[in-house]
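Before any comments, here is the structure.
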Amino acid sequence: MANEIKPYEFDEIERRFQAKWRDEGTFEVSENASRPKFYCLEMLPYPSGDIHVGHVRNYCITDVITRFKRMRGFNVLHPIGWDALGLPAENAAIKRGTHPETWTRHNIAGMKAQLQRLGFSYDWTREVATCDAPYYRWNQWFFLKMLEKGIAYRANSPVNWCPSCLTVLANEQAEGGLCWRCKSTVVIRDMEQWFLRITDYQDALLDDMAELPAWPERVLQQQKNWVGRSQGAEVSFPIEGGGSIRVFTTRIDTIFGATFSVLAPEHPLVDSLMADTDNAAKETLARLRGQDRRARLAGQVDKEGLFTGRYATNPFSGERIPIWVGNFVLMGYGTGAIMAVPAHDERDFEFARKYGLRVHAVIQPPTGTLDGATMTEPYTGPGVVTGSAGFDGLTSEVAVEKMIAHAQARGFGAAKTAYRLKDWLISRQRYWGTPIPVVYCDKDGVVGVRESDLPVVLPPDAPFTGEGGNPLEKVESFVKATCPKCGGPARRETDTMDTFVDSSWYFYRYCSPKTGDAPFDKAQVRYWFPIDLYVGGIEHAILHLVYSRFWTKVMKDLGLIDWVEPVTRLFPQGMVHKDGEVMSKSKGNTIAPDDVIKRYGADTLRLYILFAAPPELSMEWSETGIEGPHRFLQRVWRLVQKHAPTTRPRDIAVPGLSENGAALRRKVHQTIARVTGDIDERIHLNTAVAALMELTNEAYRLEDGLTGPADAGALAEALDTLVLLLSPFAPHACEQMWQDLGHPKSLVDEPWPVADEAAMRETSVEVAVQVNGKIRARVQVPAGASEEAHKAAALEDASVRPHVDGKTLVKAVIVPGRLINLVVK
RNA sequence: GCCAGAGUGGCGGAAUUGGCAGACGCAGGGGACUUAAAAUCCCUCGCUCCGGAAGGAGCAUCCGGGUUCGAUUCCCGGCUCUGGCACCA
């Protein structure tokens with residue numbers, strides 16, 4: 001008998017069912033008002049050439065959830081696409097002479113085959129590649145709408161230039177002064193570029209977080225820091241001899257301690273203030289201006305400054321204060337000028353001590369008294385205001401309010417909020433991106449392309465030499481254009497869009513990927529939105545996830561949708577590590593899923609990757625660890641094959657279960673409850689797999705002790721349930737086992753099992769007995785026994801007696817079914 | 001420096017509401033089957049001590065305190081690691 005069991009041929013099984021799902025369009029969906037919808041999204045991959053284990057982890061999580069939701073009766077949208085524009089394709093073109101599109105399409109085909117070999121349940125009819133002109137034309141359409149509304153604009157400003165990628169970058173793509181893609185140090189250049197006015201939405205980005213209770217706090221926190229809203233005041237300091245300096249401060253309560261003012265070296269007033277100074281001073285100024293602005297931003301340069309020779313008046317104290325220029329004041333934040341309060345600010349203190357400027361304490365801490373002349377470090381906390389005329393004795397908090405009101409009444413200041421967020425720089429000087437749809441006309445200036453002329457298509461014949469700028473500039477037929485306004489000759493914009501534009505709205509396109517006259521079909525989007533669950537890497541917390549929220553808000557203002565947030569629940573999955581390091585191409589420690597599939601099969605890979613760690617934490621890839629899930633799958637396979645012929649026909653409801661039969665049935669229903677909860681609420685897929693392993697172990701333990709028709713029914717139920725519960729994790733093997741168990745339909749259309757509370761209940765339970773908090777014994781009590789019965793059982797127990805006898809029972813804490821704690825003296 | 005998260009056997013991890021710490025798996029040890037190996041199956045597996053054994057005692061969730069009948073879980077203080085931000089006025 002045992003040697004007749006058919007072997008588990010995973011390769012053949014997996015390929016057969018993958019073909020079946022594909023041929024039958026199993027996972028193709030459409031709007032259906034009769035079922036609740038579930039939109040599950042994963043971050044679309046960049047087609048670099050290979051699916052890596054990090055992608056696999058992301059997509060395994062969503063695949064389990066979508067298969068589960070489908071069995072629970074939901075109409076599930078589970079799409080996939082390609083973030084197909086971007087630099088690597090162009091770099092490959094320069095290196096190998098293939099066109100970026102050829103390289104990209106080739107990679108997409110290869111990676112698509114890899115995804116299909118993993119058995120993911122995508123609706124492939126909705127596949128979107130952002131390099132398709134019918135897709136990126138809508139990037140252009142959105143751009144024109146934003147141009148009309150003033151959200152898109154062109155401006156000259158200091159920008160991040162990556163000398164390796166040969167293009168400018170947005171602020172958040174140059175974190176820490178490094179290019180997000182190639183890690184080169186960026187340089188600051190003044191250039192005229194295209195921006196999107198994301199700062200118009202900075203308050204909405206913060207305030208709408210109220211609608212995101214199912215987003216992890218750490219992501220929201222990162223976004224809050226990035227927007228960097230800080231409330232304060234703007235105050236004018238009149239300059240002796242005319243004009244005034246506007247400063248931003250969050251600590252107006254310290255203003256009587258402002259003993260000098262500092263301007264950023266780039267501040268527009270500096271040149272006129274220093275017009276009369278000597279050459280040495282001008283040289284110093286030039287040097288400060290020449291310092292690397294990146295390093296200055298990062299605080300990596302020593303504080304340095306010079307006196308302008310001019311004075312201003314502190315509008316509160318009337319005091320005459322010197323005006324300085326300092327490299328630690330940044331033009332890009334606030335007003336580019338500060339009032340310096342050395343007694344109560346670290347930076348001002350350091351600067352004042354270096355140049356011997358006066359330190360004047362005006363805030364007294366709860367303990368001790370400060371003296372500006374002798375203090376060795378500033379006091380930056382709140383306190384009680386002193387030496388501040390009519391404001392003395394107030395707390396910092398109250399003083400802030402009163403001083404703002406005072407400044408406002410006298411007309412030299414007002415409440416003001418400053419933000420860290422900058423507008424989104426979207427132009428790139430590269431070929432493989434969405435052309436920005438404008439032309440430059442000598443007569444009409446910057447003019448948007450007519451909507452009817454979209455898309456502006458990338459010319460296929462651009463030269464990829466790797467030298468001298470954007471290849472688009474060299475395509476005469478592309479650059480030469482006609483002005484839509486006057487019909488005269490015009491020059492076409494050759495900058496293309498940041499690829500983060502593509503990924504800011506792709507999830508709307510999935511709802512109606514073929515729509516030709518609009519970015520998407522409104523009714524279809526209304527059916528599927530919002531996205532119920534979005535799974536992806538946390539590295540996009542302040543990039544993609546901010547841009548996407550912004551884009552949705554703009555779409556709302558354009559009247560395309562009527563909500564302000566696209567994603568209900570965000571689930572950032574952990575990374576995959578190997579030998580303690582993040583797995584990455586550059587480290588050379590990647591694992592190719594293809595090799596693993598060849599050796600163990602896709603089902604084992606899926607199980608392992610989900611079992612090894614909870615999805616939100618990083619997981620360590622282990623060569624031996626994968627053996628466990630593989631053995632488990634084989635065990636399930638053998639169990640099913642062994643009993644499949646005898647479990648038909650099944651009759652589960654027969655009375656008269658043996659003790660073993662009842663135990664098996666109990667375990668089955670307990671497992672249903674656990675697995676369901678683990679997937680649906682907590683997304684703890686590792687413990688769901690562990691529960692299935694437990695059920696399998698229990699079935700092996702009990703199989704030889706089963707007798708009679710009732711037990712046979714319980715075994716049939718156990719096998720059916722095990723296969724159903726396991727199917728989202730290991731869909732191919734389960735489809736085969738489901739057939740072998742005599743079911744004609746595909747598993748994906750079967751309803752998810754429901755736990756029977758009555759069947760789960762134990763007849764008798766083991767209860768721990770503590771004496772004064774220490775475990776002394778374990779006793780059996782009938783399920784649902786009274787507290788008195790628990791207590792009696794505990795006191796009767798032979799190993800409890802020695803600890804209780806001769807002492808007084810003060811109290812008995814009883815948690816029925818779990819624990820008894822006897823407190824004795 | 002600031003913010004967030006984490007710290008549990010040799011390893012990955014479990015403990016869902018304050019209630020039996022170590023589920024499940026890997027690795028290890030012992031055994032069965034086999035001519036042998038692989039595969040499979042069974043037993044064992046936190047540390048220390050007492051005992052021939054059955055068994056028993058003590059310690060143990062980063063460290064130190066606290067609350068509680070009871071703390072991996074809550075509170076206070078500290079250490080370490082990871083991620084993010086950082087001259088942002």
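All values derive from a computational prediction rather than experimental measurement. Below, chains carry the letters A, B, ... as their sequence lines are ordered, and counting in each starts from 1.
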[X] side-chain N/O to [N] phosphate OP1/OP2 under 4.0 Å:
X        : N     : result
A:Arg776 : B:A57 : yes
A:Thr687 : B:G13 : no
A:Asn697 : B:G25 : yes
A:Arg218 : B:C85 : no
A:Arg818 : B:G18 : no
A:Asn686 : B:C24 : no
A:Arg674 : B:A14 : no

When the nearest nucleotide of RNA chain B is assigned to A:Lys811 and to A:Arg701 on a heavy-atom basis, which residue is associated with the more 5' position?
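Closest to the 5' end, via its nearest nucleotide, is A:Arg701.
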Working to the nearest 0.5 angstrom, can you tell me the gap between A:Leu220 CG and A:Leu212 CG?
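Here the interatomic distance stands at 6.0 Å.
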Provide, to the nearest angstrom, the distance between the [atom1] atom belonging to [X] and the [atom2] atom belonging to [N].
X        : N     : atom1 : atom2 : result
A:Lys791 : B:C69 : NZ    : P     : 17 Å
A:Asp678 : B:U16 : CG    : C1'   : 8 Å
A:Lys416 : B:A89 : NZ    : P     : 14 Å
A:Leu570 : B:A4  : CG    : P     : 19 Å

Considering every strand and a 4.0 Å limit on heavy-atom distances, what is the contact class for [X]: base, sugar-phosphate, or nothing?
X        : value
A:Lys774 : sugar-phosphate
A:Glu766 : base
A:Val823 : sugar-phosphate
A:Ile775 : sugar-phosphate
A:Ser618 : sugar-phosphate

Given [options], which nucleotide is nearest the side-chain atoms of [X]?
X        : options             : answer
A:Ala690 : B:A23, B:A15, B:A89 : B:A23
A:Phe611 : B:A89, B:G25, B:U40 : B:G25
A:Asn821 : B:U16, B:G70, B:A23 : B:G70
A:Val813 : B:C41, B:G19, B:C24 : B:G19

Integer angstrom distance from the [atom1] of [N] to that of [M]:
N     : M     : atom1 : result
B:A54 : B:G46 : P     : 15 Å
B:A14 : B:G25 : C1'   : 11 Å
B:A60 : B:G66 : P     : 14 Å
B:G12 : B:G51 : P     : 36 Å
B:G84 : B:U16 : P     : 30 Å
B:A38 : B:G56 : P     : 38 Å

Could you check which nucleotide pairs with [N] in any of the strands shown, counting Watson-Crick or G-U wobble with both distances under 3.5 Å?
N     : result
B:U72 : none
B:G25 : B:C11
B:A53 : none
B:A6  : B:U80
B:U16 : none
B:C47 : B:G58
B:C85 : B:G1
B:C41 : B:G31

For the residue pair A:Trp637 and A:Tyr8, categorise the inter-ring angle as parallel (less than 30°), tilted (30 to 60°) or perpendicular (more than 60°).
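Taking A:Tyr8 first and then A:Trp637, their aromatic rings sit tilted (interplane angle of 30° to 60°).
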I'd like to know if A:Arg778 reaches the base of B:C20 with its side chain, counting only an N/O donor and acceptor under 3.5 Å.
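Per atom types, the contact qualifies.
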State whether A:Tyr700 and A:Arg635 meet the cation-pi test: NZ (Lys) or CZ (Arg) under 6.0 Å from the six-membered ring centroid, and within 45° of the perpendicular axis.
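Positive - A:Arg635 is close enough to the ring of A:Tyr700 and near enough to its axis.
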Within 45° of the ring axis of A:Trp226 and under 6.0 Å from its six-membered ring centre, is that where the NZ or CZ of A:Arg420 lies?
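Yes.
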Check ion pair A:Lys667-A:Glu698 (N to O, under 4.0 angstrom)
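No, A:Lys667 and A:Glu698 are not salt-bridged.
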Show your working on side chain to side chain donor-acceptor pair (under 3.5 Å) between A:Gln670 and A:Glu762 and close with a plain yes or no.
CA-CA 10 Å; A:Gln670 288 169 348; A:Glu762 309 270 354; 3.0 Å; yes
Do the two ring centres, one from A:Phe412 and one from A:Phe316, sit under 6.0 Å apart?
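When the ring centroids of A:Phe412 and A:Phe316 are compared, they turn out to be within the sub-6.0 Å range.
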Kindly state whether the ring of A:Phe351 and the ring of A:Phe349 have centres lying under 6.0 angstrom apart.
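Aromatic pair excluded; centres sit 6.0 Å or further apart.
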